Student: 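This structure is in structure tokens; I'll ask about it shortly.
What you see is a predicted model, and the numbers here were worked out from it, not measured in a lab. The chains referred to below are lettered A, B, ... by the order of the sequence lines, with proteins before strands, and numbering in each begins at 1.
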Amino acid sequence: MPELPEVETVVRQLRRKIVHRRVVSGRILHKNVVEGISSRKFLSSIKGKMIQAVTRRGKFIIFTLDNGRDWISHLGMTGKYVVCGDHGGASKHRRAYFSLSGGCELIFVDMRVFGKMLLVDSGTGYLAHLGVEPLSDDLDARYLRAALARRRIPIKTVLMDQKMVAGIGNIYASEILFDARLSPRKQAHRLTRKETVRLTESIKRILKQAVELNGTTISDFRGVDDKSGRFQEMLKVYGRRGESCYACGHPIRRIVQAQRSTFYCTHCQRAG
DNA sequence: CCAACGTCCTGCGTGC
DNA sequence: TGCACGCAGGACGTTG
């Protein structure tokens with residue numbers, strides 16, 4: 001479900017509610033949720049530990065524990081965390097349950113079970129394969145130009161490659177390319193210097209705006225406290241197949257790239 | 001090294 | 001009504 005803005009929203013909400021609480025007990029309700037070790041081992045490793053911080057890297061959530069280990073979680077397509085009996089905790093798609101100190105409950109709900117949680121020693125570099133954080137200074141036109149130069153695939157597909165830039169998914173890839181007036185079909189290595197600068201600016205502008213609006217709520221995405229994001233009101237192309245482009249009036253087209261939907265305006269985003 | 005494709009899951013809407 | 005199929009905000013392993 002979530003891309004960088006949604007995960008950032010979740011992390012900020014979780015931070016307010018669960019930092020400095022201890023894990024009193026827990027239950028894993030689906031066998032595929034914990035990766036690498038058994039559910040039993042996972043639970044015994046986090047039990048009694050305090051959550052010192054909640055942070056984000058790409059689309060991963062990191063719960064820093066006070067025993068030198070990180071509890072890392074990915075929401076997959078449909079995962080979400082519900083805290084303290086907030087709306088949604090009673091879902092039949094509950095996959096994990098944690099009782100925290102102070103009478104607080106943390107519940108992981110995930111219909112499709114693509115979400116994951118695992119435990120790593122802090123600083124082992126489990127997330128080291130991820131590319132730069134798009135909202136940090138690490139992402140600039142120079143970095144992007146070098147990264148794109150060796151890729152012989154469409155720019156849309158490259159934008160979603162977490163090893164290049166971490167956090168962009170299917171919705172924001174389309175929105176970013178519309179903002180940059182670039183065709184999603186253009187081969188990555190064929191972007192000009194000028195286009196690369198534009199793309200860099202669009203990545204930052206769109207993601208920053210989406211974070212400010214608490215992400216995009218389509219179908220069932222909700223923040224931890226069940227508030228909707230508001231970026232869906234800003235979507236210019238995603239999910240708008242056949243509708244008129246707000247800029248030029250031409251119909252928005254849907255194509256499939258790397259088995260994912262891409263939406264774009266063939267007039268505003270001409271190849272070439 | 002790179003690119004393309006299948007797979008892990010469940011549920012919903014659509015059309016026959 | 002039933003059923004097959006396409007679609008869904010992701011990532012990774014295998015194959016060529």
Side-chain angles (χ1 to χ4, degrees), chain A residues 1-11 28-36 56-61 72-81 88 91-96 108-118 126-131 134 146-178 184-185 187-190 206-207 210-211 213-223 228-242 254-263:
Chain A
M1 112 167 78
E3 307 181 34
L4 185 150
E6 291 74 38
V7 178
E8 179 63 27
T9 299
V10 167
V11 162
I28 302 299
L29 307 172
H30 191 288
K31 62 179 173 59
N32 291 358
V33 167
V34 174
E35 200 171 65
R56 179 192 61 74
R57 176 77 174 92
K59 301 176 194 171
F60 289 85
I61 300 169
I72 295 179
S73 183
H74 196 291
L75 300 176
M77 292 278 250
T78 53
K80 62 178 182 175
Y81 279 97
S91 161
K92 69 171 176 174
H93 300 122
R94 291 158 56 114
R95 307 302 184 197
F108 182 60
V109 177
D110 184 11
M111 181 185 80
R112 287 174 73 181
V113 211
F114 285 172
K116 289 269 182 277
M117 51 186 78
L118 69 153
Y126 177 79
L127 301 176
H129 67 285
L130 291 176
L148 299 183
R150 60 197 158 82
R151 304 306 301 271
R152 255 79 178 162
I153 54 175
I155 184 62
K156 152 68 159 46
T157 308
V158 175
L159 276 184
M160 293 177 63
D161 182 350
Q162 303 301 298
K163 292 188 288 302
M164 188 194 71
V165 177
I168 300 172
N170 207 37
I171 291 185
Y172 295 107
S174 282
E175 294 299 315
I176 286 164
L177 288 169
F178 177 81
R185 310 171 62 150
Q187 294 291 299
H189 68 105
R190 294 204 187 284
I206 295 295
L207 293 180
V211 167
L213 294 176
N214 294 322
T216 300
T217 298
I218 61 176
S219 62
D220 67 344
F221 172 77
R222 291 286 187 282
S228 297
R230 297 197 311 285
F231 193 79
Q232 66 277 8
E233 296 158 22
M234 310 298 293
L235 295 176
K236 305 272 198 342
V237 288
Y238 184 83
R240 300 195 62 241
R241 167 169 48 173
R254 173 187 178 270
I255 59 174
V256 174
Q257 298 180 293
Q259 293 124 249
R260 310 296 302 275
S261 291
T262 300
F263 298 88

Student: Return the nearest nucleotide to the side chain of A:N32; candidates are B:dC9, B:dG11, C:dA8.
Tutor: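 So the side chain of A:N32 is nearest to B:dC9.
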Student: How would you label the contact of A:T157 with the nucleic acid (heavy atoms, under 4.0 Å): base, sugar-phosphate, or nothing?
Tutor: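 No contact at all - A:T157 keeps every heavy atom at 4.0 Å or more from the nucleic acid.
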Student: Do the side-chain N or O atoms of A:N170 get closer than 4.0 angstrom to the phosphate oxygens (OP1, OP2) of C:dG10?
Tutor: no
Student: Please list, for nucleotides 12-16 of chain C, all pairs of protein and nucleotide N/O atoms separated by less than 3.5 Å.
Tutor:
none

Student: Taking any heavy-atom pair under 4.0 Å as a contact, classify A:D110: base, sugar-phosphate, or nothing.
Tutor: nothing
Student: Look at the side-chain N and O atoms of A:R151 and state whether any lies under 4.0 Å from the OP1 or OP2 oxygen of B:dA3.
Tutor: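 True: A:R151 side-chain N/O within range (under 4.0 Å) of B:dA3 OP1/OP2.
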Student: As a test of reading the structure: which of B:dC2, B:dC9, C:dC7 is closest to the side chain of A:R150, going by heavy atoms?
Tutor: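 Looking only at heavy atoms from C-beta outward on A:R150, the closest nucleotide is B:dC2.
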Student: Runs of at least three consecutive Watson-Crick or G-U pairs, both distances under 3.5 Å, are what I'm after; which ones involve DNA chain C?
Tutor: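 Stem list for DNA chain C: B:2-8 with C:10-16, B:10-16 with C:2-8.
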Student: Tell me the interatomic distance from A:K156, atom NZ, to B:dA4, atom P, rounded to whole angstroms.
Tutor: 13 Å
Student: Can you find a side-chain donor-acceptor pair between A:K116 and A:N32 that sits under 3.5 Å?
Tutor: no
Student: Does A:Q259 make a side-chain donor-acceptor contact with the base of B:dG6, cut-off 3.5 Å?
Tutor: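 Side chain to base: pair present.
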Student: Classify the nucleic acid contact of A:R254 as base, sugar-phosphate or nothing, counting any heavy atom under 4.0 Å across all strands shown.
Tutor: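 A:R254: backbone/sugar contact only, no base atoms under 4.0 Å.
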Student: Consider the side chain of A:M160, meaning its heavy atoms from C-beta on, and name the nucleotide among C:dG10, B:dA3, C:dA8 that approaches it most closely.
Tutor: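 Minimum distance to the A:M160 side chain belongs to C:dG10.
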Student: Evaluate whether the aromatic ring of A:F114 and the six-membered ring of the C:dG10 base sit under 5.5 Å apart, centre to centre, with an inclination under 30°.
Tutor: yes
Student: Under 4.0 Å between any heavy atoms, over every strand shown, what does A:K59 touch: base, sugar-phosphate, or nothing? Just pick one.
Tutor: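 A:K59: backbone/sugar contact only, no base atoms under 4.0 Å.
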Student: Considering only heavy atoms and no angle criterion, is a donor-acceptor pair shorter than 3.5 Å present between the side chain of A:R260 and the base of C:dA8?
Tutor: no
Student: Measure CG/A:L235 against P/C:dA8 and give the value in whole Å, please.
Tutor: 14 Å
Student: Can you measure from CG (A:L4) to CD (A:Q162) and round to the nearest 0.5 angstrom?
Tutor: 9.0 Å
Student: Select one nucleotide: of B:dT10, C:dG10, B:dC9, the one nearest the side-chain heavy atoms of A:E3.
Tutor: C:dG10
Student: Which residues pass the ring pair (Phe, Tyr, Trp, His ring centres under 6.0 Å) test with A:F178, not counting sequence neighbours?
Tutor: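 Here no residue qualifies.
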Student: If you compare every side-chain N and O of A:T78 against the phosphate oxygens of C:dA8 (OP1, OP2), does one of them come in below 4.0 Å?
Tutor: no
Student: Give a yes/no on whether any side-chain N or O of A:K116 is located under 4.0 angstrom from OP1 or OP2 of C:dG10.
Tutor: no
Student: Report yes if at least one side-chain N or O of A:H74 is closer than 4.0 Å to OP1 or OP2 of C:dG10; otherwise report no.
Tutor: no
Student: Rounded to the nearest 0.5 Å, what's the gap from CD on A:Q187 to CG on A:L148? Could you check?
Tutor: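 Between atom CD of A:Q187 and atom CG of A:L148 there are 11.5 Å.
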